[in-house]
S.K.: 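Below are the structure tokens for one structure; questions will follow.
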2 protein chains.
Amino acid sequence: MTSRPHPSNPLALAVLALLFERPMHPYEMGVILKQRHKEESIKLRYGSLYTVIELLLARGFIAARETARDGKRPERTIYEITPAGRDELHDWMVDLVGEPAKEYPQFEAALCLLPVLPPDEALALLRQRLKRIEQTTAALAGEIASISAQNFPALFLVETEYRLALLRAEQVFVAELIRRIESGWGPLDLWRGVHEDREATMNKIYREFGGAPMA
Amino acid sequence: MTSRPHPSNPLALAVLALLFERPMHPYEMGVILKQRHKEESIKLRYGSLYTVIELLLARGFIAARETARDGKRPERTIYEITPAGRDELHDWMVDLVGEPAKEYPQFEAALCLLPVLPPDEALALLRQRLKRIEQTTAALAGEIASISAQNFPALFLVETEYRLALLRAEQVFVAELIRRIESGWGPLDLWRGVHEDREATMNKIYREFGGAPMA
DNA sequence: AGGCGTATATTCGTGCACGGATATATAAAT
DNA sequence: ATTTATATATCCGTGCACGAATATACGCCT
């Protein structure tokens, strides 16, 4: 049942969804994604857009319907979704909604290596991050409120609410982390030790706990 | 002050951090990343590892120290970090910790296009997702508890706590979303309308609200 | 002694992502 | 009337990500 893997670029999913609505040409897809603010949730690069359309074409998920020319502007090719494309759109959505995908946020990577920064510097940077996050959450919450006030259907805002929920969780986490570091978390003497003799300290830590304290 | 952009692959950051500890060869870096469970937070592909080392070498952030051969096994090149590399490691960490980076989680993309699924199906899938998340959060929380119980220093677990915090936020969000849909959220008749006449309904929604209800 | 799974260690080819170039049309500004 | 900026529309080259291939060594079972 599980066929070939889906295209790797989520922009391809957006293309399928738009062509599911009606046939259109690539540039128009870009414009609509922007108008509807889907750009915030699905990375849009015009270069990738055309690459992705080539890929969907090769896989038989979309087809060129007509090639129009308006005066001397570049040709526009109008695409439409195929039955196979409709299936792919559906299966892909099922996978994405039904199963959490393993992802690698950059901040998680940074936290992973946090000991390479001296504790005082880390603290200052975390405070800065917290400020930015607070600004962003406030702005996002404001936008959501003002749009809801206009009776815009919530169904078309879920992704923004999701983003806000995650951002707030990060805000709480960072605030808590700051608080903990301020009260000697780490523990701090060990953290400082890493900076006095990095290799020895790291060895000690991971040797003492068998190298793999997980599981 | 802000020099050339950092390498795009966070694995390069991990390489710098490891070589900051002591010189070593690529394969060993992979092994250590696995032992320390950093693999969960920083995507490790051996193919990418060698690519990334090539890149760091070209940028002058690391240098080949010696090339050893053990019997007839393939040659191993041992690398060390350069002063420029130490600077890069530091600057990169400053950027990552200090400023939230715009990212594009797949689930957010899916939520963006949620209307393409009929409400009943979406509901079933969200319930399935919730179950998976509950399992994962329970497992993660257990691991953290057992490791802390062994007195393993919290400093080397932050990234896991962060992951857990975000996962829990998603769990709450999904649970809430399910509850809302169950009680007619969407609104449901509009959502069903999208499936009876997709184009007309979409046009109506975005025309009524000026196409851009944000901001 | 022979076979087989696993660990060691790296290279290569393919395919995708994206910045930037290209070219024309239209609206605004001077 | 002429420059300037912005919108329309697509293409291409470079560089990066990763799966798969390669090759040797070692421990274990029979």
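Both backbone and side-chain heavy atoms feed into the values below; hydrogens, waters and symmetry mates do not. Remember, predicted model here, so these are calculated numbers, not experimental data. Just so it is clear: chains get the letters A, B, ... in the order the sequence lines come, proteins before strands, and each one is counted from 1.
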S.K.: Take the protein atom CD1 of B:I32 and the nucleotide atom C1' of C:dA7, then report the distance between them rounded to whole Å.
M.R.: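 About 16 Å, once rounded to whole Å.
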S.K.: Tell me the interatomic distance from A:E28, atom CD, to D:dT10, atom P, rounded to whole angstroms.
M.R.: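 After rounding, the gap between these two atoms is 10 Å.
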S.K.: Tell me what A:S48 touches on the nucleic acid: a base, only sugar-phosphate, or nothing, going by heavy atoms under 4.0 Å.
M.R.: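 If one applies the 4.0 Å heavy-atom cut-off, A:S48 turns out to touch a base.
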S.K.: Assign B:L55 to base, sugar-phosphate, or nothing according to its heavy-atom contacts below 4.0 angstrom with the strands shown.
M.R.: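 Sugar-phosphate contact only - B:L55 comes under 4.0 Å of backbone atoms but never of a base.
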S.K.: Any heavy-atom pair between the side chains of B:I144 and B:E161 that's under 4.5 Å?
M.R.: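 They are in contact (side-chain heavy atoms under 4.5 Å apart), so the answer is yes.
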S.K.: Rounded to the nearest Å, what distance is computed from the CD atom of residue B:E54 to the P atom of nucleotide C:dC12?
M.R.: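 So the two atoms are 11 Å apart, to the nearest Å.
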S.K.: Report the residue (B:Y50 or A:K43) whose heavy-atom-nearest nucleotide on DNA chain C is the more 5′ of the two.
M.R.: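 Here B:Y50 is the residue nearer the 5' end.
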S.K.: Are any non-hydrogen side-chain atoms of B:K43 and B:L11 less than 4.5 angstrom apart?
M.R.: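 They are not in contact (no side-chain heavy atoms under 4.5 Å apart), so the answer is no.
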S.K.: Separation of A:Y46 atom OH from C:dT22 atom P, in whole Å?
M.R.: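 Whole-Å distance recorded here is 20 Å.
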S.K.: Holding to side-chain contact (heavy atoms from CB on, under 4.5 Å), I want the full list of residues that pass it with A:L55, two or more places apart in sequence or in another chain.
M.R.: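 Per chain and number, A:L55 pairs via side-chain contact (heavy atoms from CB on, under 4.5 Å) with A:P7, A:R59.
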S.K.: Taking the side chain as C-beta and beyond, is there a heavy-atom pair between B:F61 and B:L19 under 4.5 Å?
M.R.: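 A side-chain contact under 4.5 Å is absent here.
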S.K.: Separation of A:L13 atom CG from C:dA17 atom P, in whole Å?
M.R.: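 The answer, rounded to whole Å, is 13 Å.
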S.K.: Do any side-chain nitrogens or oxygens of B:N9 fall under 4.0 Å of OP1 or OP2 in D:dC16?
M.R.: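 No, outside the criterion.
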S.K.: May I ask you to evaluate whether B:R76 reaches the phosphate of C:dT10, defined as a side-chain N or O under 4.0 Å from OP1 or OP2?
M.R.: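 No, B:R76 has no side-chain N/O under 4.0 Å of OP1/OP2 on C:dT10.
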S.K.: So if I apply the side-chain contact (heavy atoms from CB on, under 4.5 Å) rule between B:L18 and each of B:I81, B:L33, B:L13, which one comes out positive?
M.R.: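 Exactly one candidate clears the test, B:L33.
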S.K.: For A:S8 and C:dA17, is the shortest distance between a side-chain N/O and OP1 or OP2 below 4.0 Å?
M.R.: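 So the side chain of A:S8 is within the cut-off, an N or O lying under 4.0 Å from OP1 or OP2 of C:dA17.
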S.K.: Can you find a side chain N or O atom of A:H25 that sits less than 4.0 Å from OP1 or OP2 on D:dT10?
M.R.: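 Yes, because at least one side-chain N or O of A:H25 sits under 4.0 Å from OP1 or OP2 of D:dT10.
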S.K.: Scan A:P7 against the nucleic acid and name what it touches under 4.0 Å (heavy atoms): base, sugar-phosphate only, or nothing.
M.R.: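 Nothing, no heavy atom under 4.0 Å.
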S.K.: Take atom CD1 of B:I53 and atom P of D:dC18, then tell me their distance rounded to the nearest Å.
M.R.: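 Taking CD1 of B:I53 and P of D:dC18, I get 15 Å after rounding.
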S.K.: Among C:dC16, D:dC18, D:dA17, which is the nearest nucleotide to the side chain of B:V52?
M.R.: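 Out of C:dC16, D:dC18, D:dA17, the nucleotide with an atom closest to B:V52's side chain is D:dA17.
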S.K.: Take atom CE of B:M24 and atom P of C:dT8, then tell me their distance rounded to the nearest Å.
M.R.: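 Atom-to-atom, B:M24 to C:dT8, this comes out as 15 Å.
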S.K.: Can you check the A:Q35 CD to D:dT8 C1' distance for me, whole Å?
M.R.: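 The distance from CD of A:Q35 to C1' of D:dT8 comes to 14 Å, rounded to the nearest Å.
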S.K.: With the side chain of B:P26 defined as its heavy atoms from C-beta on, choose the nearest nucleotide among C:dT10, D:dA17, C:dC18.
M.R.: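 Per side-chain heavy atoms of B:P26, the pick is C:dT10.
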S.K.: Which nucleotide in the list D:dG19, D:dA9, D:dC16 gets nearest to the side chain of A:Y27?
M.R.: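 Of the options given, the side chain of A:Y27 lies nearest D:dA9.
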